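Below, read A as the first sequence line, B as the second, and so on, with proteins coming before strands; counting in each chain starts at 1. Owing to the predicted nature of the structure, the values given are computational and were not obtained by experimental measurement.
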Amino acid sequence: MKLSHALPLATLAVAVSAAAHAQEITVATVNNNDMVIMQSLTDEFEQAHPGITLNWVVLEENVLRQRLTTDIATGGGQFDVMTIGTYEAPIWAERGWLVPLDDLPDEYQVDDLLRPVRDGLSHDGTLHALPFYGESSMLYYRTDLFEEHGIEMPEQPSWDEVYEWAGQIHDPDNRLYGICLRGKPGWGENMAFVSTLVNTFGGRWFDEDWNPELNSPEWQAAISFYVDLMNNYGPPGASSNGFNENQALFSSGRCGMWIDATSAAGRIYDPRESDVAEVLGFSQAPVAETPKGSHWLWSWALAIPASSEEQDAAKQFVTWATSQEYIELVGETEGWTSVPPGTRASTYEDERYIEAAPFASFVLEAMQNADPTDSTLKPSPYTGVQFVGIPEFQAIGTQVGQSIAAALTGQMPVEQALESAQRSAERAMRQAGYYD
Amino acid sequence: MRTRASGRTVGGLRSLSLQAPAVTLLLIWMLIPLGMTLWFSFQRYNLMMPGMEQFAGLENYEYLLSDPALWRAMGNTLVLVGSVLAISVIGGTLLAVLYQQEFFGRGVARVLAISPFFIMPTVSALIWQNMMMHPVNGVLAWFLGLFGLPAIDWFSSFPLLSIIIIVAWQWLPFALLILLTAMQSLDDDQVEAARMDGAGPLAVFFFITLPHLKRAISVVIMIQMIFLLTIFAEIYVTTSGGPGLATTNLAYLIYIRALLEFDVGGASAGGVIAIILANIVAIFLIRMVAKNLED
C-alpha cells in the first residue's frame, strides 16, 4: 500500500475512533416535577459537556423501581445513571452493584451536602449515590380555614389536636374535607406515612431480635386512630390516594390539612400550580407519645450501576445534576421555588431562595431533626425512619400496606388486618432466614 | 403401522420428517419457558439477594400453599371469571336477539354496542376509575346525586364487583359479536313456520334460537375463559389488587411476588400452580365444547 493511500485511511480511523468516543448515556428517572425540570435542561448539559449525549427513560416511581431492580440484579446494563432512594442506596452498595463515589472533584464540595442525607446514601462511610433532592414530612394547612374557626396553630401540634381541628373544618357538602392522608397501598405510599404515625405512637416494626411487632398495642392504637380519622374526616376514596392524588386535592382547595413530603411545598406555594398558595400554612408533623420518628427522611439520588460501560460520562452527569451550579441554573431559569430542595447547605444560605421560599429554614430543620438511626421509642435493630433498611422490607411493606388499606376501607377490622400483617411479616422473615 | 381405507400409511418416517420442524419449533416455544419456570420454582431465588441462590426443594410451594393469599386469589379468579362469563353469555344472547330485530339505525347501534371490545383494557380501566366510578368526579356519583343519594365509593366498598363491571363491559360486546353473527345464520323459514304453528316469542327463543346458538355460546365461553383467567390491566390500574386482597387474582398475585417482592422462586411456583389450574379448567372446557361441536 502506498503512503498516499495510507494517510487518508489513518485519518479515517482517527475520525471513526473520535466518533466512537462520543458517549451516549441512558438516565433512568422518576416523573416527579424536579426530575422533569432536569430533563428539560438536557441542552445545557450537552453544551457544557461536548461529546456526551443524554438518553432519558422517565417512568412512574413503582415502574421505575421494578425496571431498575430487575436490570441491576441481573446485570442487564441498560442504564448508566439510575435514580434511587435512601432505601436502595446502601443495600445495593453493599451488594457491589453501585460505583463508589469517593473521588469527587474539589469544586463539587461534598461537605456542602447535608449530613443526614449524605449518611443515608453511604455504605461503610462511602457515598454511593449523589442526592438530587431531599425531603422530610410536614403538616400543610389552610390559614383561611383556621382563622375562620379560630384555631391557633402551635409550633408542634399533637395528633389529638389535629383530630379535633379536622372535625371542625370538615364540610363534605361543600367538598371540603378535614384532612387528606395517604391511603394507596405500597411500602413507598401509605406505609411511608403510616410508619411515621406508628413511630410517634411509640411503636416499631421489629424488636431487637427481628420479631415483627405489627400486632402490638402501639400499632393497634395508631392504626385505629388513622382509620377513625380518615373515615370521619377524610376525602372519599382515600384508599386510592397517594402522594400525587393528595397533592392535587390539597392544591385545589379540597383539604383543610395534609401531612406529606416537604418537597411538595414548592409546588403548593407556586400560584401558577395551586389555588391555595395565598393561604398556605405549615407546621411540623404532629406528635402523639414521642416526637421520635414523627417525620420522615428521604432523598432521591443519582447513582451509577457497576454494570455501566460509560462510567466516566455518567459521573460527569451525576456531579453536574447535583451540583451547586445546577441549583443556580434551575433558580435562574425556572424560578427559585423550583430549585431541588434538601440537599445542600448552601441552598439554605442563598438569599434568593430564602426570599422565594419562606418554608426553607423550616424544611432544613425538619430534615436535620430526622434521625434514621434512632427513630423509635423502644430500641430497634434497623435504620430508616419510614422504612426498614433490609432487602425483605419491600415484600413486607407491600403486604402490610395492603392490610392497612383493607382496614381503612372497612374490608377488615383493624385488629384482624394487623394480625394478618403480623403473620405475613413473620412468614417473610422466616423464609429469609432471620430465625427458624 | 395403521393403514387408512385409501391404502396410504399414516405416520411413518417420511411424514415424521416432514412434521419434525414444526413439532420441534413448538416444543422449543413451549418447553423452554415452562422448563425454566419449573426450574426457578424449586430455587430459592430473590433478585434483591444475589449469591443466595440455592436449591430449595419444595419450600416455595410450601410457603405458597400455606399462604392465605393464594386461596383468596384463586377464589377471586373463579368469581371473576364466573360472573363475567355469566354476564356476557346471558347479556350477549339477549342483546343478540334484540339487535337482530329490524329497527331504525340498527347498523349504528350495532357498531356502538360492539365498540367497547376495541378499547384497550388500561384505557377502559382509567375511564371507569376516573370518569365513571369516582366518588367525587364520576358520572355515577352525579347520577345518584340527582336522586339525593350519597355517592358510592366503588373501589373501596365493592372492589371485586367494580372490577367485574369493568371487565364485563369489555367482554359483553365480544359475546354479542359472536352471537349476533350466529343469529344471522338462523333460518327465517324455521321461525316463520313456528310462528304459524302458534309459538309465541318466548317459545321461539327457547326452542329455536337458543338451541341454534348453542355452539356459538360454547365458543364464547371457551375463548373468554382463556382471556379472563389472566385479567391484569384492569386490576393494576384501579385497585392494585386491594383493598387488602379483595381484588387479587392469580395473575396479580404472581405479579406481586415477581415484580413487587422480586421473589423469582415464589412467583414461579405461583406460575406453575396457575398452569395446573388452567389445565384443569381446559380439560373440562374442551370436552364440553368438543361435545357440543360434534352434535
Check: At their closest point, which heavy atom of A/Ala405 faces which heavy atom of B/Pro243, and how far apart are they?
Finding: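 Here A/Ala405 and B/Pro243 meet closest at O-CB, 3.7 Å.
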Item checked: Minimal non-hydrogen separation, B/Ser240 against A/Gln402, with atom names -> O-NE2, 3.1 Å
Notebook entry, point to check: Taking the side chain from A/Gln411 and the backbone from B/Ser156, do they hold a donor-acceptor pair closer than 3.5 Å?
Noted result: yes
Note to self: Taking B/Ala258's backbone N and O only, do any of them form a donor-acceptor pair with A/Gln66's side chain (distance below 3.5 Å, no angle check)?
What the structure shows: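 Answer holds: no.
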Side chain, backbone, both or neither: which part of [X] has an atom under 4.5 Å from a heavy atom of chain B?
X	value
A/Arg95	side chain
A/Ile396	neither
A/Val400	neither

Which bit of [X] comes within less than 4.5 Å of chain A, counting heavy atoms only: side chain, backbone, both or neither?
X	value
B/Phe158	neither
B/Ser66	both
B/Asn46	neither

Measuring from atom [atom1] of [X] to atom [atom2] of [Y], what distance do you get when rounded to the nearest 0.5 angstrom?
X	Y	atom1	atom2	value
B/Leu260	A/Thr69	CG	OG1	10.0 Å
B/Glu59	A/Gln431	CD	CD	5.5 Å
A/Glu392	B/Asp263	CD	CG	10.5 Å
B/Asp153	A/Ser240	CG	OG	6.5 Å
B/Phe262	A/Thr70	CZ	OG1	6.5 Å
B/Leu47	A/Ile72	CG	CD1	11.5 Å

Could you tell me which of [options] has the largest number of non-hydrogen atom pairs under 4.5 Å with chain B?
options	answer
A/Met412, A/Arg430, A/Arg65, A/Arg254	A/Arg430
A/Ala432, A/Ser424, A/Gly433, A/Pro236	A/Pro236
A/Glu88, A/Arg175, A/Arg423	A/Arg175
A/Trp187, A/Trp97, A/Trp92	A/Trp97

For [X], does the [atom1] atom sit with more than 12 other heavy atoms under 6.0 Å from it, leaving out its own atoms?
X	atom1	answer
B/Ile90	CD1	no
A/Tyr435	OH	yes
B/Phe117	CZ	yes
A/Glu415	CD	no

